Structures are given as C-alpha cells and as structure tokens.
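Convention: sequence-line order gives letters A, B, ...; per-chain numbering from 1. If you're wondering where the values come from, they're calculated on a predicted model, not measured in any experiment. Values reported hereafter were calculated over all heavy atoms of this structure, with side chains retained and with hydrogens, waters and symmetry mates removed.
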There are 2 protein chains.
Amino acid sequence: MICVTLHFVNTRTLDGMATAASPRQEQKQRTRRALLDSALELLEQESFSSLSLREVTRKAGVVPTAFYRHFDNMNELGLTLIDESFRTLREMIRSARSERAPEDVIRRSVEILIHYVREHRAQFRFIGRERHSGVTELRAAIGTELRLFRSELATDLARFPYLRDWTTEDLNMMADLLVNALVSTAEGILDAPTDSPEAEEEVIATAEKQLRLIVFGVPHWKSG
Amino acid sequence: MICVTLHFVNTRTLDGMATAASPRQEQKQRTRRALLDSALELLEQESFSSLSLREVTRKAGVVPTAFYRHFDNMNELGLTLIDESFRTLREMIRSARSERAPEDVIRRSVEILIHYVREHRAQFRFIGRERHSGVTELRAAIGTELRLFRSELATDLARFPYLRDWTTEDLNMMADLLVNALVSTAEGILDAPTDSPEAEEEVIATAEKQLRLIVFGVPHWKSG
DNA sequence: TGTACATCAGTGAACGCGCGTTCACTGATGTAC
DNA sequence: TGTACATCAGTGAACGCGCGTTCACTGATGTAC
C-alpha cells in the first residue's frame, strides 16, 4: 500500500504533471471516460433510476463485469457525473463574474447561461432531472451542491451597492429566486424544439424580463 | 355494445346519480382505488419509471394479472394520478380565490398552499418528481397541465388594478415566476424534516418574502 | 538489453431474481324468463 | 319467486427476458534483476 502511494508520488514528480500516463493507465482512463459519457448520453432519454449497468457497458463497448474495475456500483458513477456537472456550472458562474462591468449585466448573464446549456445539454438535463429523482443519494448530493451554488451567488449579490445593507438571509432568499429563474430558463432551452429559434428567443426574452423584475423590484419591495 | 351503453344510461337515469353501484361495480371501484392509492404511496419513495406493476398489485393485495382489468398499462395509471393531482391543485387555487379581500393576500395564499401540501403530500411529491422525469408521456401531460395552471393564475393577476394595462405575455411571465416560487416552496415543505417546525417556518417566511418581492417589484421594474 | 515473474483491465459463462404479459380457469354476481 | 345461463373481476401457472453480481480466466503491460 505504502509502496503504491510512493510510486504514484514519484511518477507525478518525475513527469511534472498529474497525468499518470502509462499505456495501461491511459487505456483505463479511456474506458472510464467511455462509461461516464455513455451513461450521460443515455440519461438524456431516461432517468437514472431506470438506467442499467448493462446498458451503460453495452454502449461503452465493454463487457458488464468490466464496470467493476471503475466503479463499485451505479450510484458511484452517478455521483461522479454530478461532480463533473457542477464543475461545469462553477465554470459558468466564473465566466459570468469575469466580465468586468459589461454594458448590461442581465442580458450578458442570460447569454452566458444559454451558451453553457447548449454546450452541455446532457449535463444540465441530468442535473435538472435527478434534482427531484427517486434516488435519495443523488438527490441529496445535488441539493448540497445547489445550496453551495446559491451561497456563491448571494456573495456576488452582496457586492452591488444598493444590496450592501441586506441581511445574509435576505440575500439568500433573492439568490434562491434567481437560481429558480435560471433553472427554469435552462429547462425551457432544453425542452424547446431544436429547429425553432423563435421558441428559444421567447425563453430568452422571458428570462431577461424575470431577472429584471427580480433585480429592479428589490429597492422597492420592503415598502409593500 | 349498443345494449351496454343503453343499460348504462338507464342505470344513471334510474338512480339519479352517476354512482353506478351494483355490488360488483362497487368492488371493482374499490380495487381500482386500491391500485391508485398503493401506487401513489410507493411513489413517495421512488420514481415512476422504476415503479413496477407487480409492486403496485402486491401492495394493493391483488394478483398481478388483475391489474389489466383496470388499466392497459402502468402509463395509463400514471396519467390517472396526474389527473387526480391537478384536480387537487385546482381545488386549491379555487379555495384561494374564494377568500374575498383578505387582509393579507400573500400571507393567506402561502398558508393555503402549506395546508394543501400537508394534506396531499404524496400528490405534490409525485407531480414535483415526474415533472422532470424520464417518462415522456407523463412529463408532457404535466407540462400541459402546468401551462394551463399558469394561464389561470395570469387571469387572476389581470384583476389587480395596477396590472390592468400589462400585456398577456408579461402577465404570463409574472405568473411563471410566481408558480416557480410556489413549486419550490412546496418542495421545501416536502423536504423539511417532519419533526422540525422551525425548518418549515423558515420555508414559509422565505416564500412570503419571495412573493412580496415579485409582486411589489412590479410597479417599478420597467424603470430599470 | 533480455528474461522471468507480477499485475490487472477486460472476458465470458453462469447464477438466481423480479419483471411484464399470456392463458385457461373459477366462482360470485347479474340477467332473462 | 326460482331456475338456468351469461358475465366478468380476480386467480395461478407459465413464459421468456434483462438484470446485477460471482467467479475463474486471459493476455497485454509493467517490474525486477
């Protein structure tokens, strides 16, 4: 055990990179990727609880038993997919944040969202679907990640001058509204017929209006 | 075939009610109910796509083949559950509407929502879960019903004086925001630990704030 | 560099299980006279 | 009302199927000398 660990460390040090990269390791990683990608692709059409190990290995082009060289069970594969999908979401929010003082924050944010949803359809579909799924373990994992995501957004909101004196709780409440609107926009894009740009345009327009309503309603809502 | 129909009409006329009510019919209805109730109960823990015909009949206390005396297949049972669940939702909105000029529309609406979610946990769970499920037919049915629901709400909104000159599209957009907030509130209630009134109280407080933000943000949002 | 042995990703046969659906049936309820 | 026949909700055996998981295996890659 210790030997294995030391060897791994040595490899990293010698190569200067984390990419282990012996032919055998490379092949193993390729198969692992094939399993994950196959699963994600199948999950565009069905939900995780009805996705079978055999379906995944069949699509990946390996024998069912090979699966166990990579994951203990299907749930472990599911958790890996959640991890990777939220990495994409964080990359998205980072990308939105890095736009310094754009002319129109809201329009630009929606554009970025649309871009990411289009580029990572399967991941968004998966998260949106399993968020309410019957698989307790996955649902819990997604719930935790979404709460984290919401907190990050709340922190961003706190930077806006006219939100500076809000309580954390209220900022979270607002972040919650925004996340809900963004999630349902993503769903709208995913469900829009792919050959209808008008349907997509409408989803985008609605999203912008909703965000505007939430953001610009803020300075006045306490007066109600 | 014609005879059967005539006989049915006669029965209704004679009895004066639609409740057919021969002992055999009554027993059949009881079994049908048992199948629907068993399915709904099982659906609190798992999603529809992984719910089996045999599980349902086992719980209902009949042999698997008896199922076919009541439904062609599981999807048909699912569609029936959707129908019944939306009946509950409409009853809820009707109940909210019938409150004439309550002191605080928003607080009262949230109270009514909470009440209905508590009384019909399984139905709300089912709709919330299958809304994004992998079963295309059910998802489509729920989508249609929700769109209808949103339109009804938009019509209600049009009655408020300061929304009178809004376009239908904008009213729908706002109804969409409200429905999203209500749905996520219902989810919050369902997921709150049953032994923690504080957790529930927080969900309720957040819901009220969100609705207030949406409603009172309205008169000012166009200025943004 | 060459050889002998170790590792281990992927194979293929086999298992027991729960599934949806078929079919011929039973016996209580309903109908006609 | 009583009898003879029809209906039909629910039964129980049987089927073929895809599933997850086990096990002993193979042969290419890796390691030690």
Give one of base, sugar-phosphate or nothing for B:V62, where a contact means two heavy atoms less than 4.0 Å apart.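 If one applies the 4.0 Å heavy-atom cut-off, B:V62 turns out to touch the sugar-phosphate alone, with no base involved.
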For residues 69-99 of chain B, which residue pairs pass the ring-ring contact (aromatic ring centres under 6.0 Å, His included) check, not counting sequence neighbours? B:F67-B:F71
Qualifying ring-ring contact (aromatic ring centres under 6.0 Å, His included) pairs with a residue from residues 122-142 of chain B, counting only residues at least two apart or across chains: A:H132-B:H132
Do A:S133 and A:S47 have side-chain N/O donor and acceptor atoms under 3.5 Å apart?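 There is no such pair between these side chains.
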Given the rule that a pair is Watson-Crick or G-U wobble with both distances under 3.5 Å, how would you write DNA chain D in dot-bracket, using | for pairs to a different strand? .||||||||||||||||||||||||||||||||
Looking at residues at least two apart in the chain, or sitting in another chain, which of them share a salt bridge (charged side-chain N to carboxylate O under 4.0 Å, His left out) with B:R24? none
Non-neighbouring partners of A:E84 that pass side-chain hydrogen bond (donor to acceptor under 3.5 Å, both in side chains), sequence neighbours left out: A:R33
[X] has an atom [atom1]; how far is it from atom [atom2] of [N], in whole Å?
X: B:Q29; N: D:dG10; atom1: CD; atom2: C1'; value: 15 Å
X: B:R58; N: C:dG18; atom1: CZ; atom2: C1'; value: 8 Å
X: A:D72; N: D:dG20; atom1: CG; atom2: C1'; value: 14 Å
X: B:N75; N: C:dG20; atom1: CG; atom2: P; value: 12 Å
X: A:E26; N: C:dC8; atom1: CD; atom2: P; value: 17 Å
X: A:F67; N: C:dG12; atom1: CZ; atom2: C1'; value: 19 Å

Between D:dT11, C:dT29, D:dT29, which nucleotide gets closest to the side-chain atoms of B:P23? C:dT29
Please write out each protein N/O paired with an N/O of nucleotides 22-27 of chain C under 3.5 Å, distance rounded to 0.1 Å.
none

With sequence neighbours excluded, give me every salt bridge (charged side-chain N to carboxylate O under 4.0 Å, His left out) pair touching [range].
range: residues 137-154 of chain B; answer: B:R90-B:E145, B:R90-B:E152, B:R150-B:D176
range: residues 67-77 of chain A; answer: none
range: residues 195-205 of chain B; answer: B:R118-B:E200
range: residues 45-62 of chain A; answer: A:E41-A:K59

My understanding is that only residues two or more places apart in sequence, or in another chain, count here; which of them pass ring pair (Phe, Tyr, Trp, His ring centres under 6.0 Å) with A:F149?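 Applying ring pair (Phe, Tyr, Trp, His ring centres under 6.0 Å) to A:F149 gives none.
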Taking only side-chain nitrogens and oxygens of A:Q27, does any of them come within less than 4.0 Å of OP1 or OP2 of C:dG10?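 Yes, within the criterion.
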Could you measure the distance from the CG atom of A:L213 to the CG atom of A:L211? Nearest 0.5 Å is fine. 9.5 Å
Of B:E55 and A:K28, the one whose nearest nucleotide on DNA chain C sits closer to the 5' end is A:K28
Kindly state which residues belonging to residues 31-54 of chain A come within less than 4.0 angstrom of DNA chain D, counting heavy atoms of the residue only, listed by number.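 Contacts with DNA chain D under 4.0 Å: A:S52, A:L53, A:R54.
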